[in-house]
Amino acid sequence: MASLLIQSDGIRLYARERGAGFPIVMAHGMWGDHQAFDDVVADLGGGYRTVCPDLRGHGRSETPARAWTVVDLAHDLARTLDTLGIDAAVVVGHSLGGMAALQLALRYPDRLHGLVLLSTSAEAEKPERRSQLGLLALTINMWGMNNWLAGRVANGFFSSVFARRFPAKVKAWRKGVLAMDKRALLQALEAVQNRPSVWDRLKDIGVPALVMGTREDPIADPARTAAMAHQLGNAELVMLPGGGHALPTEHPRELTQALRRCIETWR
C-alpha cells in the first residue's frame, strides 16, 4: 500500500494506492475520505490496482483558497490518472464522488473502462434540499462544526441499524468531519448545492455503467436512482434493501460482488 501526493490546480492531493493489475479509482462522498472504501479494497483482494483519493478539501488533501465545483473534481481525477500513468480505469463514485465521476465520463470519456455510481445524482439539487443545505452552511459559518451537529449529520448519513451495530465506524466518520476546517466544509456544501444537472447528457455516456443505491436512502432518492440507470441506457441497476446513504461503508461486500461481476465483462 502506497501513499501518494498529486498536484492538481496548484493544490496537493492525497491518494492511497494498493495492489497491481486492473485499475479502479474510487471517489468518496462529501465530508468523507479515502477510508470510506477500505472494506471494499480489502474485499477485492489481489488482481486489482485500487486508487482511493481524498477529494480536495477532504482528508489529507489541501483545501484551496477559492470555491470549487464538481467539474474541478473531475479534473482532479483526470490529473490523478495522469500522475499514476493510468490510461483508463473503472471509476467508482459515491455521492459527491459520483457527481465528479459523471463529469469525468462526459469530459474525459476515453479515461474510463466503466462507471460505477453509488447513491448519487445526475440532477441539480431540488429546492427543498438546497434550502436544507443552505441552512446547514449558515449554521456552520456562524458557529462552526461541533459534536452535536456532526451527530445530526451522521444520523442522516448512516442508517440507524448500521449505527447501532457499528458505532465505531460512525464515530470515525464524525471524527473526520470534526477535523475539517470551516472553509473545507463550506466549499463542499456549496459544490453539492450548486451542482449543474447533467441528466439530459446521460445518454452521451458511452461506457458501461453500474448504478447502485439503497431503498431507504434519505438523501439520494431511490426512484431517481433507478431512473438514472434507465436514462444512461447501458447501465445495470442494483438496489439494496435497507441501509442509509453511506453505501460503500454499509454494504462493502455487496458492492464488491457487483463490482467484480461488472469488471469481468468490461475489461
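Not measured: the values here are computed from a predicted model. The analysis underlying the following values was restricted to heavy atoms, covering all of them including side chains, and did not include hydrogens, waters or symmetry mates.
- Applying the 4.5 Å side-chain rule to ILVMFWY residues, one finds Ile6, Leu13 in the same cluster as Ile11.
- By the 30° and 60° cut-offs, the orientation of the rings of Phe162 relative to Phe158 is parallel.
- Val25 has its side chain within reach of Pro53: a pair of non-hydrogen atoms, C-beta onward, lies under 4.5 Å apart.
- For the side chain to side chain donor-acceptor pair (under 3.5 Å) test with Trp68, the passing option among Glu190, His75, Gln187 is Gln187; the others fail.
- Residues meeting the side chain to side chain contact (heavy atoms under 4.5 Å, CB included) test with Ala122, sequence neighbours left out: Leu102, Val198, Trp199, Leu202, Met228.
- Listed by chain and residue number, Arg56 satisfy the salt bridge (Lys or Arg N to Asp or Glu O under 4.0 Å) test with Asp76 (two or more places apart in sequence, or in another chain).
- With salt bridges taken as basic N to acidic carboxylate O contacts below 4.0 Å, none links Glu125 and Arg130.
- Between Met239 and Pro222, some side-chain heavy-atom pair lies under the 4.5 Å cut-off.
- In the hydrophobic clustering (ILVMFWY side chains linked at under 4.5 Å, chained through shared members), Val92 is joined by Phe22, Ile24, Met26, Phe37, Val40, Val41, Leu44, Tyr48, Val90, Val116, Leu118, Leu210, Met212, Val238, Leu240, Leu247, Leu255, Leu259, Ile263, Trp266.
- By the side chain to side chain contact (heavy atoms under 4.5 Å, CB included) test, Arg16 pairs with Met1, Ser3, Tyr14, His34, Arg60, sequence neighbours left out.
- Side-chain contact check for Thr120 versus Thr225: every heavy-atom pair is 4.5 Å or farther apart.
- By the 4.0 Å N-to-carboxylate-O rule, Arg12 lies too far from Asp54 to be salt-bridged with it.
- In this view, His245 and His94, Phe157 satisfy the ring-ring contact (aromatic ring centres under 6.0 Å, His included) rule, not counting sequence neighbours.
- Checked for salt-bridge contact, Asp221 and Arg129 miss the test: no charged N lies under 4.0 Å from a carboxylate O.
- Among pairs with a residue in residues 162-182, those fulfilling side chain to side chain donor-acceptor pair (under 3.5 Å) read Asp39-Lys169, at least two apart in sequence or across chains.
- Residues Arg195 and Thr69 form no side-chain contact, since every pair of their non-hydrogen atoms from C-beta on lies 4.5 Å or further apart.
- When side chains are defined from C-beta on, Pro196 counts as touching Val70, because their heavy atoms get closer than 4.5 Å.
- Under the salt bridge (Lys or Arg N to Asp or Glu O under 4.0 Å) criterion, Glu216 pairs with no residue, sequence neighbours left out.
- Taking Thr63 as the reference, nothing meets the side chain to side chain donor-acceptor pair (under 3.5 Å) condition, with sequence neighbours excluded.
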message: For a side-chain contact (heavy atoms from CB on, under 4.5 Å) check, start with the C-alpha distance between Val91 and His113, then their side-chain angles and the critical distance, and finish with the verdict.
response: CA-CA 8 Å; Val91 177; His113 289 305; over 6 Å; no
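- By the salt bridge (Lys or Arg N to Asp or Glu O under 4.0 Å) test, Glu254 is found to be paired with no residue, residues two or more places apart in sequence or in another chain being considered.
- For residues 228-242, the pairs satisfying salt bridge (Lys or Arg N to Asp or Glu O under 4.0 Å) are Glu236-Arg261, with sequence neighbours left out.
- Other residues, nucleotides and ligands contribute over 12 non-hydrogen atoms within 6.0 Å of the CZ atom of Arg260.
- Remark: Arg49 pairs with Glu17 by the salt bridge (Lys or Arg N to Asp or Glu O under 4.0 Å) rule, at least two apart or across chains.
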